[in-house]
Amino acid sequence: MDTPLPSLNTIAVVGLGTMGTGIAEVLTRAGREVIGIDISEAAATHAVDALAASTARAVERGRLTEQERGDVLARFRTFTDLQAAARADLVIEVVPESYEIKQQVFRELDRIVRPDTILATGTNALSVTRLAADSARPERVLGLHFFNPAPAMKLVEVVSSVLTAPAAVAAVTDLALELGKEPVAVGDRPGFVADGLLFGYLNQAAAMYEAKYASREDIDAAMKLGCGLPMGPLALLDLIGIDTARTVLEAMYAASHDRLHAPAPILKQLSEAGLTGRKSGRGFYTYEAPGSVTVVRDALTPLEGGQLATGRTVRSVGVAGSGTMASGIAEVFAKAGYEVVLAARSQEKAEAAKSRIGKSLSRSVDKVRLTAEAAAETLDRIVPAGSYDAFADVDLAVEAVAEDLEVKQQLFAALDKVCKPGAVLATTTSSLPVVACARATSRPQDVIGMHFFNPAPAMKLVEVVRTVLTGNDVHATVLEVCARIRKHPVDCGDRAGFIVNALLFPYLNNAIKMVQEHYASLDDIDAAMKLGGGYPMGPFELLDVVGLDVSLAIERVLHREFRDPGLAPAPLLEHLVAAGCLGRKTGRGFREYARR
């Protein structure tokens, strides 16, 4: 750009839907003059009303004075003609996701705005380069991708094409910082960072539901409780708009040809039926009215207490293993009042595991989550044993040994001999076939998966995994036990990854591919997913905590089961594992950590 850059004081926002109105609010509250433009007079009026309402709420909460509110409202004026953008220093368009519509807006703006005015597109799916190439001055065109709701979400992706002048990028990056946002610089590819990772995950969740693998309620609960996400994927698709999600995925698939981005057929079916989510009143869920946030019962809503089979009586529980997961599960059962036998390969290991539980209970007492008396009673219910023979009288045996199929099969063969007839045998595997454990016994109908999440005392989720051989009464038993130990059970079939890992690890793998392809940095990707997607941890923080070797093993299992090339582990992950960089536990993974 030969022309000196303007200071970005007067900003036009073209398109006053939800996103445009939100962006206008952010700008006016930060002291900018905002020209709101929409061909619909009703949309323009609605934007003014929305700003008036949100600033009134801010006054009530003491975040603005009446004087400041008046100043904010005075800085926002609306028009129905693009000509109003003539004196803008920056124009941000957030019109519908269509090349035809956006190109028309850019062509008209070329004739209207000054030569030094920066033109920003709010697209999250279309090529910024293609839009820039059609402009009279491609060097001043870039992407400025806010997240919904714009006033609350901190992330702004600043998208450069190969044609964008660095000075234009610097100007809007400075603006984003002045607005109190956290800008992340990214290149031009569909979905950029946050949506590029998010929409693949949402698509997989839609496909999982379409395959009738799990209910919409169980898929959403699993991802909220298992990953700490603010919303489940199907509820999020309804919020975003199923038609919008389909558009983004189509653009991503056109660029990547990755089957993970090929829109699940159900997205097309719902879109074409007009069932686009909250805005239409129905999508994956049914809502009280179009635009409502309130979900109402429909034909797919599970019946309360709809369990048909009667479960078996469970008074005592055996937990096999001596690691963190085994001791956590034993603590959970003992807290719920069950008599627990904690068995390991030696009495010494079992005693050490009980000692770990004692320390955990002491921490709960220190934090006033448990009385000293309740902690002592809980610990007294746990009997350590150096042999699985101690499981002779338990009603439920739960194994939490190494994630190795041969080891688990040997254990189930031993439990088959030791446990009394009618005892339920459960595996906590996160990635191995439950039926393979069941076939190691003479009673496969008694075997089921109970996948707890780490740390078991804190995490509310249990994936309940039925095989084709699991008895209905065994399934009912585990659901009743989950209620007693205050865990949320989700039902799923016996296939790799169950719900959580099958949706989580392809997302993590795609994040690794972004770094491998030098598209974005670790820090930018982690920031984008925390700030733009509401994730409690960025993907690389999470990978280093889980362990890169564990992550690679799960990726391999998923790839082997589903045979999808897009699920092949990223070579960068394989190289780090081969080098012994396994994450926090070795002091180095994607990042380096101080040795303790």
Looking at Tyr285, is its backbone amide N or carbonyl O close enough to the side chain of Asp238 to form a donor-acceptor pair, meaning the two atoms are under 3.5 Å apart? yes
Do Ser430 and Phe453 come within less than 4.5 Å of each other through their side chains, counting heavy atoms only? no
Separation between CG (Leu479) and CG (Asp491), nearest 0.5 Å, reads 5.5 Å
Hey, are Lys102 and Glu93 close enough for a salt bridge, meaning a charged N less than 4.0 Å from a carboxylate O? yes
Name the residue from Leu270, Thr244, Leu202 that meets the side chain to side chain contact (heavy atoms under 4.5 Å, CB included) definition with Leu237. Leu202
Could you state the interatomic distance from CD (Glu555) to CG (Leu567), rounded to the nearest 0.5 Å? 7.0 Å
Student check: side-chain heavy atoms of Ile266 and Gln269 closer than 4.5 Å: yes
Quick one, Arg495 and Phe562 - any side-chain contact, counting heavy atoms below 4.5 Å? yes
Could you give the distance from CD (Gln204) to CZ (Arg259), rounded to the nearest 0.5 Å? 9.5 Å
Verify whether one side chain among Asp134 and Tyr99 offers a donor that lies under 3.5 Å from an acceptor in the other. no
When you check the side-chain N and O atoms of Thr129 and Arg189, is any donor under 3.5 Å from an acceptor? no
Measuring from atom NE2 of His488 to atom CG of Leu225, what distance do you get when rounded to the nearest 0.5 angstrom? 6.0 Å
Would you call Leu542 and Leu504 a side-chain contact if the rule is heavy atoms closer than 4.5 Å? yes
Just by modelled atom types, is the Leu425 backbone N or O under 3.5 Å from a matching donor or acceptor in the Asp446 side chain? no
Apply salt bridge (charged side-chain N to carboxylate O under 4.0 Å, His left out) to the pair Lys408 and Glu399, showing each step before the final yes or no. CA-CA 8 Å; Lys408 289 187 189 292; Glu399 72 77 15; 2.9 Å; yes
Find the distance between NZ (Lys460) and CZ (Phe452) and round it off to the nearest 0.5 Å. 12.0 Å
First locate atom CG of Leu508, then atom CG of Leu573, and finally report the distance between them rounded to the nearest 0.5 Å. 9.5 Å
Parallel under 30°, tilted from 30 to 60°, perpendicular over 60°: which one fits the rings of His257 and Tyr253? perpendicular
Stepwise side-chain contact (heavy atoms from CB on, under 4.5 Å) check, Val447 with Val434: CA-CA 8 Å; Val447 178; Val434 177; 4.2 Å; yes
Identify whether the distance between the nearest side-chain nitrogen and carboxylate oxygen of Arg246 and Glu272 falls below 4.0 Å. yes
Please determine which of Tyr201, Phe284, Tyr209 meets the side chain to side chain contact (heavy atoms under 4.5 Å, CB included) test together with Pro233. Tyr201
Would you mind reporting whether Gln409 and Arg439 have side-chain heavy atoms less than 4.5 Å apart? no
Could you tell me whether Asp298 and Arg282 make a salt bridge, using a distance below 4.0 angstrom between a side-chain N and a carboxylate O? no
Close side-chain approach of Glu406 to Gln410, heavy-atom, < 4.5 Å: yes
Can you label the angle between the Phe147 ring and the His145 ring as parallel, tilted or perpendicular, going by 30° and 60°? tilted
Side-chain (Asp220) to main-chain (Ala235) donor-acceptor, under 3.5 angstrom: yes
With respect to Phe505, which candidate in Asn510, Leu558, Val500, Val557 satisfies the side chain to side chain contact (heavy atoms under 4.5 Å, CB included) definition? Leu558
Do you know the tightest heavy-atom contact between Ala456 and Val332? O-CG2, 3.6 Å
Does Asp243 pair with Lys279 as a salt bridge, N-O distance under 4.0 Å? yes
